[in-house]
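Because the structure is a prediction, the values reported are computed rather than measured.
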Amino acid sequence: MIRLLEPAWLLALIPVAALAGVYVWAQYARQRTAVRFANTALLAKLVPRLPGWRRHVPAGIMVIALAVLVGGMTRPAVDVEEPQERATVVLAIDVSLSMMATDVDPTRIDAAKSAAVDFVQELPEQYNVGLVSFAGYASVVVPPTKDRAQLTTAIQGLNLAEATATGDAVFASLQAVQQVLADGSGELAPARVLLLSDGYRTAGRGVGEAAEAAAAAEVPVSTVAFGTDEGVIELEEQLVSVPVDREALAGLADETGGRYYEAASVEELREVYEDMGSSLGYRTIARDIGQWFIGTALILLFTAAGLSLAWTSRVP
């Protein structure tokens with residue numbers, strides 16, 4: 001789909017339309033003047049024989065060429081995907097007690113660890129990957145690094161704790177992103193946070209506040225609602241329901257430009273991570289195609305000039 005990067009240039013179509021109108025008016029005025037000429041025999045001698053409708057073709061092509069040229073000035077562009085040479089990915093994993101639930105085999109946390117390890121191993125080697133865990137508070141377990149072995153060990157060593165500080169997990173992830181050194185241009189690599197959670201926020205800063213911070217930092221947060229509404233855990237010899245807060249996680253992804261997923265099994269979680277990995281490997285850029293418009297306009301102008309020379313021995 002073509003989009004215009006500088007649509008204000010479309011105003012230049014106004015003088016082009018005016019020029020076309022002046023041409024039509026001039027032809028009409030010339031025709032009326034010819035009709036008033038009383039001596040048609042003398043008119044035939046004074047006015048050379050014109051090539052009929054063909055004399056209007058070069059002018060019409062020229063007007064079209066000017067319109068196409070205006071189109072080129074609007075900087076038309078198409079969205080294309082190109083591979084990212086470097087990126088920073090922060091994996092934020094919920095380690096609240098609700099992750100003990102067995103509605104995902106063998107447990108939510110074990111399934112999450114297994115899928116996370118596979119995801120980290122499959123990311124391109126040049127990507128920096130960090131790990132954030134969150135329960136009652138959030139902490140950067142592993143700052144963004146290319147050391148996949150360190151990440152694997154850290155993921156497998158995650159321990160559960162009380163409460164769920166989803167908002168703080170986003171803030172900790174943004175802090176981790178800032179720890180990555182900029183490249184030679186002084187710009188940080190493109191970054192994304194992938195947050196997996198299974199429950200409602202019960203501690204720390206709000207999810208809305210975190211979404212605003214991530215949007216301001218231009219770091220998309222993709223979220224995974226992991227588990228089912230049938231999940232339960234045993235606390236103090238009582239069964240406690242631990243449903244998934246899909247609404248908050250979907251809102252977080254939507255407000256930051258990320259993607260929202262739902263996964264109710266380790267297989268579905270692996271599919272989610274596979275989809276995330278493919279989207280991380282590319283970025284969408286606007287490719288300017290204005291040169292094609294300008295080139296087409298030049299061809300049309302040369303065509304108009306050639307036809308005018310051939311049919312009327314003059315350039316319009």
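Rounding to the nearest 0.5 angstrom, the gap separating the CD1 atom in Ile299 from the OG1 atom in Thr296 is 5.5 Å. One finds the CZ atom of Phe171 at 4.5 Å from the CZ atom of Arg205 (value rounded to the nearest 0.5 Å). Of the inter-residue distances, the one linking Phe226 atom CZ with Ser197 atom OG reads 11.0 Å to the nearest 0.5 angstrom. Rounding to the nearest 0.5 Å gives a distance of 7.5 Å between CD1 of Ile289 and CD of Gln291. The distance from atom CG of Leu174 to atom CD of Glu218, rounded to the nearest 0.5 Å, is 12.0 Å. Rounding to the nearest 0.5 angstrom, the gap separating the CG atom in Asp245 from the OG1 atom in Thr223 is 10.0 Å.
Partner Leu97 forms a side-chain contact (heavy atoms from CB on, under 4.5 Å) with one of Val242, Leu235, Ile109 and no other, that one being Leu235. Of the candidates Val170, Ile93, Leu195, Leu195 is the only one forming a side-chain contact (heavy atoms from CB on, under 4.5 Å) with Phe134. Applying the side-chain contact (heavy atoms from CB on, under 4.5 Å) test between Leu151 and each of Val117, Leu123, Leu131 identifies Leu131 as the sole match.
The local environment of CD in Gln238 is sparse, with at most 12 non-hydrogen atoms from other residues, nucleotides or ligands closer than 6.0 Å. The environment of CD in Gln121 is crowded: more than 12 heavy-atom neighbours from other residues, nucleotides or ligands sit within 6.0 Å. Crowding of Glu209 atom CD: a count of heavy atoms from other residues, nucleotides or ligands under 6.0 Å exceeding 12.
For Glu267, the side chain to side chain contact (heavy atoms under 4.5 Å, CB included) partners two or more places apart in sequence, or in a different chain, are Ser265. Taking the side chain to side chain contact (heavy atoms under 4.5 Å, CB included) definition, one finds that Ala225 meets it with Val244, Arg246, Leu249, Tyr260, Glu262, sequence neighbours left out.
Closest heavy-atom contact between Ala111 and Leu269: O-CD2, 4.1 Å. Nearest heavy-atom pair across Pro220 and Ala191 is CD-O, 3.4 Å. The heavy-atom pair separating Ala112 from Met99 by the smallest distance is CB-CE, 3.8 Å. Contact record, Val224 with Ala263: CG1-CB, 4.2 Å, taken as the closest heavy-atom pair. Considering every non-hydrogen atom in both Val142 and Ala154, the closest pair reads CG2-CB, 3.4 Å. The heavy-atom pair separating Ala248 from Val207 by the smallest distance is O-CG1, 4.1 Å.
Two residues are said to be in side-chain contact when any heavy atoms from C-beta on lie closer than 4.5 Å; Leu301 and Met62 meet this criterion. Looking at Val272 and Arg270, their side chains never come closer than 4.5 Å, going by heavy atoms from C-beta outward. In this structure the side chain of Asn128 never reaches within 4.5 angstrom of the side chain of Val89, judged on heavy atoms. No side-chain heavy atom of Val90 sits under 4.5 Å from any side-chain heavy atom of Leu194. You'll find the side chain of Val57 reaches within 4.5 Å of the side chain of Trp311, heavy atoms only. No side-chain heavy atom of Leu307 sits less than 4.5 Å from a side-chain heavy atom of Phe302.
When only modelled atom types and interatomic distance are considered, Glu162 and Ser96 share no side-chain donor-acceptor pair under 3.5 Å. The closest side-chain donor-acceptor pair between Thr102 and Arg108, if any, does not fall under 3.5 angstrom.
Remark: the backbone N or O of Gln156 is paired with a side-chain donor or acceptor of Lys113 at under 3.5 angstrom. Put simply, the side chain of Thr256 gets close to the backbone of Val221: a donor and an acceptor are under 3.5 Å apart.
Salt-bridge check for Arg3 with Asp79: passed, with a basic side-chain N closer than 4.0 Å to an acidic carboxylate O.
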I'd like a table of donor-acceptor pairs (distance under 3.5 Å, sequence neighbours excluded) in which one partner is a side-chain atom from residues 68-77, with atom names and distances.
from  : atom 1 : to     : atom 2 : distance (Å)
Thr74 : OG1    : Gly71  : O      : 2.5
Arg75 : NE     : Asp288 : OD2    : 3.1
Arg75 : NH1    : Glu6   : OE2    : 3.4

